[in-house]
Number of protein chains: 2
Amino acid sequence: MPDTPPAVGRKRDHSRDSDILRATLDVLVETSYADLTIEKVATRAGAGRGAIYRRWTSKDDLILAAIACTDRSDLDSDRLPDTGTLRTDLFAMLDPDWLGGTERRLRILTSITAMLSRTPDAATAVTRAIVDPSVAAYRHLIQRAVNRREFPMPADLDALAQVIPSMAAHRALFLQQPVDLAFFASLIDGILLPALANPKT
Amino acid sequence: MPDTPPAVGRKRDHSRDSDILRATLDVLVETSYADLTIEKVATRAGAGRGAIYRRWTSKDDLILAAIACTDRSDLDSDRLPDTGTLRTDLFAMLDPDWLGGTERRLRILTSITAMLSRTPDAATAVTRAIVDPSVAAYRHLIQRAVNRREFPMPADLDALAQVIPSMAAHRALFLQQPVDLAFFASLIDGILLPALANPKT
DNA sequence: CAGTTCCGGAACTGAGTAGTTGCGGAACTG
DNA sequence: CAGTTCCGCAACTACTCAGTTCCGGAACTG
C-alpha cells in the first residue's frame, strides 16, 4: 500500500484517508452498494475524485478498505459486559448504544451483500470486520458462563455463538423486520439459554 | 397481467414464459443479480429480447416473477418426511435430493441479495417464495413432534423454526462455507434439539 | 388472403458512471 | 526559487446495458 512515497513534493494529507473511508461507510449505510458512486463519496468527504483514485485503485478497493476500517471497538473482549450471569450479560449488550452499533453494522451488512456474490474478497473482508467480531463476542460471553459453571459445556459452542448474529442478519436482510429488543429477547430466552441448559439430546 | 389478449393475430406461445423464467433463474444461480442481463437470459432461453419485454415490463419485474416461480414443491407439508422422531425427520430432509434443492435455493438467495436493499418488493418476493416455505416446513416438523409429546411446547416455536434456514443462509452468504450435512448436524444436535428438550431457562 | 400479433434477431438510443486527464493553486524539498 | 506532488474541481473518454424499434417470417382470425 505505501507505494514508495516520494521524497519530494507536497505530502499526502493522511487525515483525508479516514475522512474518505468514513464518507464511504456513510454512503454505504444510507444507500446501497449499487447506488454508491465515487462522486457521492467525494462530495460527502469534500474531496476530489482524483484524491480517491490516488489512494485506492478502484471502487471495490475503496469499499473493501472502508469495511476493514469499521469501528468495532465495542466488541473488544475486555469491553464486554460482565454482570455475573449470561442472561444479564446478553441483555446488557442491548442497551441503546449497543443497538446503535448493531444497527449500523447490520446496515453496512445489507448494503454490502451486493458485492458478496461478485467479489470473493468482499466476503472475507465483511466476515473479518463485522461477522467474526460479533461471533467472537458471543462466544466469549458463553465461554465465561461455562467457566463459572453457570452452564455445562455445550456440544457445539461455535454453532451457539453464531445463533444471535446470524439470525439478526437474516431478520434484517431477508425478513426486513426490526432487529429490536423483543427480537433479541426471543433469541436469548427461546433458543440460546434453553439450548445451553440442556446440551444433550 | 393478462393485458386483455387480442382476439386476432398469432397467439402468444405461453410455453416460452416458463422457458424464460427458468432461464432467468439459471442465470441467477450461475452469476449474480448485477451480472444478469436481459441479453443473457434471452440467449439462454433461445428467445429475443422483444419477447421478454412483451411479457414483463422491466428487468426487476422479470426477476421478481422468476423468484415467485421457484419450484418449492419439495417443501409442501404433505411431502415432508414423517419417520416418527424429529431428529430422523430433520436428517431425512438432508438426503442428496433435498440438499440439491437447498443449495439451489441458497444460490438464488445469494444472487438476489443485491436487489434487496434497492427494491422493497424483492425482499417480499424472496421471503414468500424461499424463506417462508422453509421456515414453515421446519415449524411443521417441530409442531408435529410436540403434538406427539416428543418434546414439550417450546417457549418460542417461531424463533426455533427459523434457526436452520437463517443459519444456513448466513453460512452460505457471509461465511461462504459449504452448507453440508456436517453443518446441518451441528445445528440439529447442537442447537435445535437441546433447545427443544429444555424450553425453560 | 388481408390484417394482426406473435417470433427471433439485430440495430439503435440514451442514461449512468468508472476511471482519466488537465487546470490553477497550495505545500513541501533542496 | 525551481521542481515536484499534493489538493479540489471540472471536463472528458469509454463502456455497459436497459429498453425501443424495425425486419423478415410464421401463426392465427374472419
Side-chain angles (χ1 to χ4, degrees), chain A residues 1-24 27-28 30-66 111 114-115 118-119 121-122, chain B residues 1-24 27-28 30-66 111 114-115 118-119 121-122:
Chain A
M1 299 280 186
D3 230 313
T4 54
V8 124
R10 177 173 170 174
K11 296 286 164 58
R12 183 173 296 179
D13 180 359
H14 282 285
S15 73
R16 308 303 288 129
D17 294 21
S18 51
D19 290 345
I20 294 169
L21 291 178
R22 204 171 311 126
T24 306
V27 175
L28 222 37
E30 286 160 16
T31 67
S32 68
Y33 168 75
D35 295 327
L36 178 144
T37 64
I38 299 288
E39 177 64 36
K40 281 183 191 169
V41 174
T43 306
R44 176 89 180 207
R49 304 151 66 104
I52 295 180
Y53 281 108
R54 206 173 290 121
R55 285 152 223 262
W56 297 280
T57 61
S58 70
K59 175 180 161 174
D60 284 358
D61 191 28
L62 167 67
I63 295 179
L64 257 38
S111 295
M115 279 181 81
R118 302 207 314 159
T119 316
D121 294 346
Chain B
M1 297 284 185
D3 231 313
T4 54
V8 122
R10 177 173 170 174
K11 296 287 163 60
R12 182 174 295 179
D13 180 0
H14 282 285
S15 73
R16 309 303 288 125
D17 293 21
S18 51
D19 289 347
I20 295 169
L21 291 178
R22 203 171 310 127
T24 306
V27 175
L28 222 37
E30 285 160 18
T31 67
S32 67
Y33 168 76
D35 294 327
L36 178 144
T37 64
I38 298 286
E39 176 65 33
K40 281 182 189 169
V41 173
T43 306
R44 175 88 180 207
R49 302 152 65 98
I52 295 180
Y53 281 108
R54 205 172 291 121
R55 286 154 223 260
W56 298 280
T57 61
S58 69
K59 176 179 161 175
D60 284 357
D61 191 28
L62 167 67
I63 295 180
L64 259 38
S111 296
M115 280 180 79
R118 303 207 311 160
T119 315
D121 294 345

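No hydrogens, no waters, no symmetry mates; every other heavy atom, side chains included, goes into these values. Just so we're on the same page: letters track the sequence lines, and every chain starts at 1.
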Taken to the nearest whole Å, CD/Glu39(B) to C1'/dT20(D) is 14 Å
Under a 3.5 Å limit on both distances, the Watson-Crick or wobble mate of dG19(C) is dC12(D)
For this session: Scan Arg49(A) against the nucleic acid and name what it touches under 4.0 Å (heavy atoms): base, sugar-phosphate only, or nothing.
Result: base
From CG of Asp13(B) across to P of dG25(D) the rounded distance in Å is 21 Å
Mind checking whether Arg12(A) and His14(A) have side chains closer than 4.5 Å, heavy atoms only? yes
Taken to the nearest whole Å, CZ/Arg54(A) to P/dT4(D) is 16 Å
Per atom distances to the Ile38(A) side chain, the nearest of dA18(C), dG8(D), dG8(C) is dA18(C)
Q) Are OP1 or OP2 of dC6(D) and a side-chain N or O of Lys11(A) less than 4.0 angstrom apart? A) no
Taken to the nearest whole Å, OH/Tyr53(B) to P/dC17(D) is 12 Å
Taking every heavy atom of Thr24(A) against every heavy atom of Val41(A), the minimum-distance pair comes out as OG1-CG1, 3.4 Å
Ile52(B) CD1 to dC17(D) C1', in whole Å, measures 14 Å
> Hey, are the side chains of Ile38(A) and Tyr53(A) touching, using non-hydrogen atoms and a 4.5 Å cut-off?
Replying inline: yes
Rounded to whole Å, the CE-C1' distance (Met115(B) to dA18(D)) equals 14 Å
Across every strand shown, the nucleotide meeting Watson-Crick or G-U wobble geometry with dG30(C) (both distances under 3.5 Å) is dC1(D)
Using a 4.0 Å heavy-atom cut-off, does Gly50(B) contact any base of the nucleic acid, only the sugar-phosphate backbone, or nothing at all? nothing
Quick note, Arg10(B) side chain, CB onward, closest among dG25(D), dA18(D), dG8(C) is dG25(D)
Does a side-chain N or O of Arg12(B) approach OP1 or OP2 of dC6(C) to a distance below 4.0 Å, or not?
yes
Lys59(B) NZ to dT16(D) P, in whole Å, measures 15 Å
Glu39(A)/Arg44(A) ion pair, N-O < 4.0 Å: no
Whole-Å distance, Tyr33(A) OH to dA18(C) P, equals 9 Å
5'-most contact on DNA chain C (nearest-nucleotide basis), Ala45(B) vs Val8(B), goes to Val8(B)
Verdict with supporting geometry, Asp60(A) and Ser58(A), side chain to side chain donor-acceptor pair (under 3.5 Å): CA-CA 5 Å; Asp60(A) 284 358; Ser58(A) 70; 5.6 Å; no
| query | Reckon Leu62(A) touches a base, only the sugar-phosphate, or nothing at all at heavy-atom distances under 4.0 Å? | reply | nothing
